[in-house]
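A short worksheet on the structure shown next.
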Amino acid sequence: MERTLSIIKPDGVSRGLIGEVIKRFEENDIKIVAMKMVHLSQADAEKFYAVHKERPFFGSLTEFMTSGPIVPMILEGDNVIEKNRTLMGATNFKEAAEGTIRRDFATDIEKNIVHGSDAPETAAVEIGFFFNQFEINDR
Ligand code: CMP
């Protein structure tokens, strides 16, 4: 059994797509074991996306991620990291497969509705960034 961090980004929340994203997880037998709504500070966003700090889009990305509330969730299931990435589609929505969340709803490479961890190591760090052990419903 694997876990991953999913985030519904500010564009997903403000456009009323929380239910749509969650529906796709539930329809695909992905279990949500933790969920909250938070509004990141600039410092929090810079910490979360620290791996991208040298990239040209870092300033814009952190500004966008602090522009409104987001919904981080812990997803659980067999092979859930890969499964979630398949449901999300490619980072660039123009390259995302039909029927994926980003293909259906993203409006540009930054405003792409959802984030998902890309590997077990990053999933563990990203889960720990948003949740403590008491917030994870694993019974
Ligand atoms: P995410 O999975 O949250 O991880 C980093 C984010 O940076 C990515 O999704 C995109 O939303 C955003 N981003 C903005 N510009 C780019 C770019 N040129 N290449 C990759 N990611 C980008």
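Remember, it's a predicted structure, so these values are computed and weren't measured experimentally. Residue indices begin at 1 and follow the sequence shown.
For the pair T66 and S41, the tightest heavy-atom approach, listed with the atom from each and the gap, is CG2-O, 3.4 Å. Counting all heavy atoms, side chain and backbone alike, G59 lies closest to T62 at O-OG1, 3.1 Å. The two atoms that bring P10 and G68 nearest to each other are CG-O, 3.8 Å, heavy atoms only. Of all the heavy atoms in D78 and K83, the pair that sits closest is O-CD, 4.2 Å. S6 and L75 get closest at one heavy-atom pair: CB-CD1, 3.8 Å. F57 approaches E110 most closely through the heavy-atom pair O-OE1, 4.3 Å.
Here the straight-line distance linking atom CD1 of I74 with atom CD of E135 works out to 8.0 Å at 0.5 Å rounding. Rounded to the nearest 0.5 Å, atoms CZ (R55) and OG (S60) are 13.0 Å apart. Atom CD1 of residue I8 and atom CD of residue E20 lie 10.0 Å apart, to the nearest 0.5 angstrom. We find the CG-OG1 distance between N112 and T107 to be 8.5 Å, quoted to the nearest 0.5 Å. Taking CZ of F25 as the reference point, atom CD1 of I32 lies at 7.0 Å (rounded to 0.5 Å). The distance from atom CG of N132 to atom CD1 of I127, rounded to the nearest 0.5 Å, is 12.5 Å.
Checked by atom type and distance alone, the side chain of E76 never pairs as donor or acceptor with a backbone atom of K31 at under 3.5 Å. Using modelled atom types, one side-chain atom of D11 and one backbone atom of I113 make a donor-acceptor pair closer than 3.5 Å. A donor-acceptor distance shorter than 3.5 angstrom exists from the side chain of N28 to the backbone of R24, with no hydrogens or angles considered. Listed for the T122 side chain is a donor-acceptor partner under 3.5 Å among the backbone atoms of A119. R15 contributes a side-chain N or O that, together with a main-chain N or O of F105, makes up a donor-acceptor pair within less than 3.5 Å. Of the possible donor and acceptor atoms, none in the side chain of R103 sits under 3.5 Å from a partner among the backbone N and O of A97. Side-chain atoms of R102 come within 3.5 Å of backbone atoms of V114 as a donor-acceptor pair (strictly under, hydrogens ignored). When atom types are taken as modelled, the side chain of E2 and the backbone of I81 share a donor-acceptor pair closer than 3.5 angstrom. In this structure a side-chain-to-backbone donor-acceptor pair under 3.5 Å is missing from S117 to T4.
The number of heavy-atom neighbours closer than 6.0 Å to CD of E63, taken from other residues, nucleotides and ligands shown, is 12 or below. Other residues, nucleotides and ligands place no more than 12 heavy atoms under 6.0 Å from the CD atom of E98.
Put simply, V71 and L17 are part of the same group of oily side chains (I, L, V, M, F, W, Y) that touch within less than 4.5 Å, one to the next. F131 and F129 fall within the same hydrophobic cluster, defined by Ile, Leu, Val, Met, Phe, Trp and Tyr side-chain heavy atoms under 4.5 Å apart, directly or through other members. Two different hydrophobic clusters hold I7 and V21 under the rule that ILVMFWY side chains link at heavy-atom gaps under 4.5 Å. Transitive grouping of hydrophobic side chains (ILVMFWY, heavy atoms separated by less than 4.5 Å) keeps M73 and V38 in distinct clusters. Under the 4.5 Å side-chain heavy-atom criterion for ILVMFWY residues, a single connected hydrophobic cluster contains both M35 and L87.
Judged by the 6.0 Å distance and 45° axis criteria, K111 is positioned over the aromatic ring of F64. Note that K36 lies outside the cation-pi zone of F130, set by a 6.0 Å cut-off to the ring centre and a 45° limit from the axis.
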When you look at V13 and M37, which way does the side-chain contact (heavy atoms from CB on, under 4.5 Å) test go after all the steps?
-> CA-CA 9 Å; V13 174; M37 183 181 274; 4.1 Å; yes

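Classified by interplanar angle (parallel below 30°, tilted 30° to 60°, perpendicular above 60°), the ring pair F48/H115 is perpendicular.
At a threshold of 4.5 Å between non-hydrogen side-chain atoms, the residues V125 and E121 do not count as touching.
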